[in-house]
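Every value quoted in this text rests on a predicted model; they were computed, and no experiment measured them. Counting starts at 1 for both ligands and their atoms, in listed order. When reading the values below, keep in mind they use all heavy atoms of this one structure, side chains included, and skip hydrogens, waters and symmetry mates.
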Amino acid sequence: MTTSRMSGFRNLSIDERRARIADTTGLEPQRLDVLSPDRGLSLDQADHMVENVVGVLGVPVGVATNFVVNGRDVLVPMATEEPSVVAAASNLARMTRDHGGFRTSSTAPLMQAQVQVLDVVDPAAARLRLLQAADELIALADAQDPALVEHGGGVRDIIVRVLPSSRQTYVVLHLVVDVRDAMGANAVNTMAEAIAPRVGEIAGGRTLLRILTNKADLRLTRVSAVFDRELLGGAEVVENMVDAAEFAVVDPYRAATHNKGIMNGITAVVLATGNDTRAVEAGAHSHAIGADGSYTSMSRFEKNADGDLVGTLELPMPVGLVGGATKVHPVAQANVAMLGVRSAAELADIVMAVGLAQNAAAVRALATEGIQRGHMSLHARNVAVTAGAAADEVDAVVARMIESRSIRTDAAHDILADLRSR
Ligand code: MEV
């Protein structure tokens with residue numbers, strides 16, 4: 001990868017954009033052919049992925065530019081149906097470049113599975129019996145996945161919790177598993193099912209559920225970035241952005257929308273790489289609980305000593321590179337190749353960087369002119385293209401539609417006719 005800074009990228013044709021991406025990333029240009037609707041996921045492939053297949057759904061894939069993550073320039077494919085998202089992430093990523101881009105740190109890729117035990121007469125003592133049997137249970141679980149153990153993964157710990165409920169007191173065992181480059185659901189679910197009978201025997205009860213938890217709070221990725229004060233629009237914009245973000249910290253109603261903005265970026269990259277969007281979303285929202293137990297903002301924004309804006313975000317990020325749709329979906333494979341990531345952790349880093357950039361973009365728009373103007377100009381671009389505007393005509397058509405406040409295909413047709421008659 002040379003640089004992800006690509007001014008004028010949006011004004012290129014789709015073919016030209018692909019050529020630029022291939023050139024920048026060093027990928028063979030043909031590697032991106034699968035991004036065409038007629039070359040992507042085939043019906044036959046889809047038929048092997050889920051049941052009762054009747055078709056496939058196209059979602060636009062845009063490429064976010066300007067990202068530097070842990071010192072590496074990266075072009076980020078984003079699958080989203082929402083206008084403004086790709087442009088907004090790219091724009092705010094640009095504002096971090098002179099300050100080193102995005103920096104991340106992560107825990108080990110630890111996923112957890114739960115085994116629920118019922119009808120235990122002595123829950124506290126059962127908890128200790130299970131902890132005393134940790135070595136035996138860990139060995140039994142590891143034996144289910146020798147390949148994972150060979151790759152340096154496997155069970156790292158056992159946690160046992162005693163949970164009183166309205167029905168009875170449950171004993172719940174957590175298997176903590178290092179899943180390496182997998183998302184990990186299959187690995188931990190297989191282990192949980194395999195050890196459950198022995199867990200039931202040791203606890204002296206009946207096991208019921210054996211399933212991973214999507215509250216993947218031992219598999220965290222943290223990202224931070226400094227957004228340049230002048231590029232953001234000055235000191236007042238920074239102050240207003242900090243207040244806008246603080247609103248989400250103290251109010252669950254605002255937090256839900258603020259966090260939705262973060263997920264606009266995160267889900268788009270997770271989907272583009274064939275990962276499980278619902279798992280990431282469940283993990284993210286369950287992590288957004290403050291010290292007082294109420295739902296809060298996933299991110300924090302502060303002003304640093306230089307007056308620039310510092311954004312931080314910490315979330316579970318259970319994405320994988322092996323298994324699932326990431327391995328079978330041809331477009332997901334091309335997107336992973338475009339990212340140039342070699343590990344699930346590197347993918348998680350980029351996903352988180354996009355989440356933070358997306359969040360900063362929304363907060364900046366809301367704290368300044370509002371989001372409708374940006375939405376409208378992108379909407380106008382779509383209308384201009386739909387009306388048949390060529391690449392070199394789009395800007396003029398958009399400008400005139402916005403000026404006349406009529407963003408409609410018939411207006412675009414009239415403007416085009418006028419432009420072409422000159
Ligand atoms: C729209 O998809 C996302 C926003 O509502 C996020 C936010 O309010 O922070 C703009």
Side-chain angles (χ1 to χ4, degrees), residues 10 57 59-64 66-67 76-96 102 223-225 227 231-233 236-272 277-278 280-290 294-303 309-315 351-383 407:
R10 69 170 197 177
L57 169 75
V59 177
V61 175
V63 169
N66 299 331
F67 276 84
V76 191
M78 300 176 71
T80 180
E81 87 302 340
E82 184 165 330
S84 298
V85 162
V86 179
S90 307
N91 192 25
L92 269 284
R94 180 177 56 86
M95 300 181 190
T96 69
F102 297 82
V223 62
S224 65
F227 297 88
L231 294 178
L232 284 169
E236 194 184 336
V237 173
V238 172
E239 290 293 340
N240 285 340
M241 285 181 73
V242 173
D243 277 315
E246 202 55 25
F247 181 14
V249 174
V250 298
D251 178 28
Y253 288 90
R254 175 57 205 148
T257 323
H258 178 95
N259 292 343
K260 190 271 185 183
I262 296 172
M263 301 314 289
N264 275 345
I266 287 181
T267 302
V269 187
V270 172
L271 182 62
T277 53
R278 289 82 56 217
V280 169
E281 283 159 5
H285 289 289
S286 63
H287 198 66
I289 304 294
S294 64
Y295 182 74
T296 185
S297 171
M298 294 171 184
S299 63
R300 294 293 181 274
F301 285 96
E302 298 158 307
K303 189 174 67 168
L309 183 74
V310 190
T312 51
L313 179 65
E314 175 194 87
L315 289 176
V351 172
M352 289 292 286
V354 175
L356 184 59
Q358 203 73 58
N359 186 208
V363 170
R364 175 170 178 257
L366 291 166
T368 54
E369 62 180 11
I371 60 165
Q372 279 314 87
R373 207 169 76 95
H375 268 287
M376 278 304 142
S377 69
L378 268 154
H379 175 57
R381 291 186 74 77
N382 289 339
V383 171
I407 302 169

- Task: May I ask you to decide if Ser297's main-chain N or O and Asn259's side chain share a donor-acceptor pair within less than 3.5 Å?
- Result: no
- Note on the structure: Across all chains, not counting sequence neighbours, the ring pair (Phe, Tyr, Trp, His ring centres under 6.0 Å) partners of Phe67 are Phe102
- Give the minimum heavy-atom separation between Thr296 and Ala255, together with the two atoms involved. C-CB, 3.5 Å
Table please: side-chain donor-acceptor pairs of residues 84-91 below 3.5 Å, with sequence neighbours left out.
residue	atom	partner	partner atom	Å
Ser90	OG	Thr65	N	3.1
Ser90	OG	Val86	O	2.8
Asn91	OD1	Arg94	NE	3.4
Asn91	OD1	Arg94	NH2	2.6

Can you list, pair by pair, the side-chain donor-acceptor contacts under 3.5 Å of residues 237-253, counting residues two or more places apart and other chains?
residue	atom	partner	partner atom	Å
Glu239	OE2	Lys303	NZ	2.8
Asp251	OD1	Tyr253	N	3.3
Asp251	OD2	Arg254	N	3.3

Distance dump, ligand 1 polar atoms to protein, N/O, under 3.5 Å:
residue	atom	partner	partner atom	Å
ligand 1	2 (O)	Glu82	OE1	3.4
ligand 1	2 (O)	Glu82	OE2	2.6
ligand 1	2 (O)	Lys260	NZ	2.7
ligand 1	2 (O)	Asn264	ND2	2.9
ligand 1	8 (O)	Arg254	NH1	2.9
ligand 1	8 (O)	Arg254	NH2	3.2
ligand 1	9 (O)	Arg254	NH2	2.7

- Query: For the side-chain contact (heavy atoms from CB on, under 4.5 Å) test, which of Leu315, Val351, Val270 pairs with Val280?
  - Reply: Val270
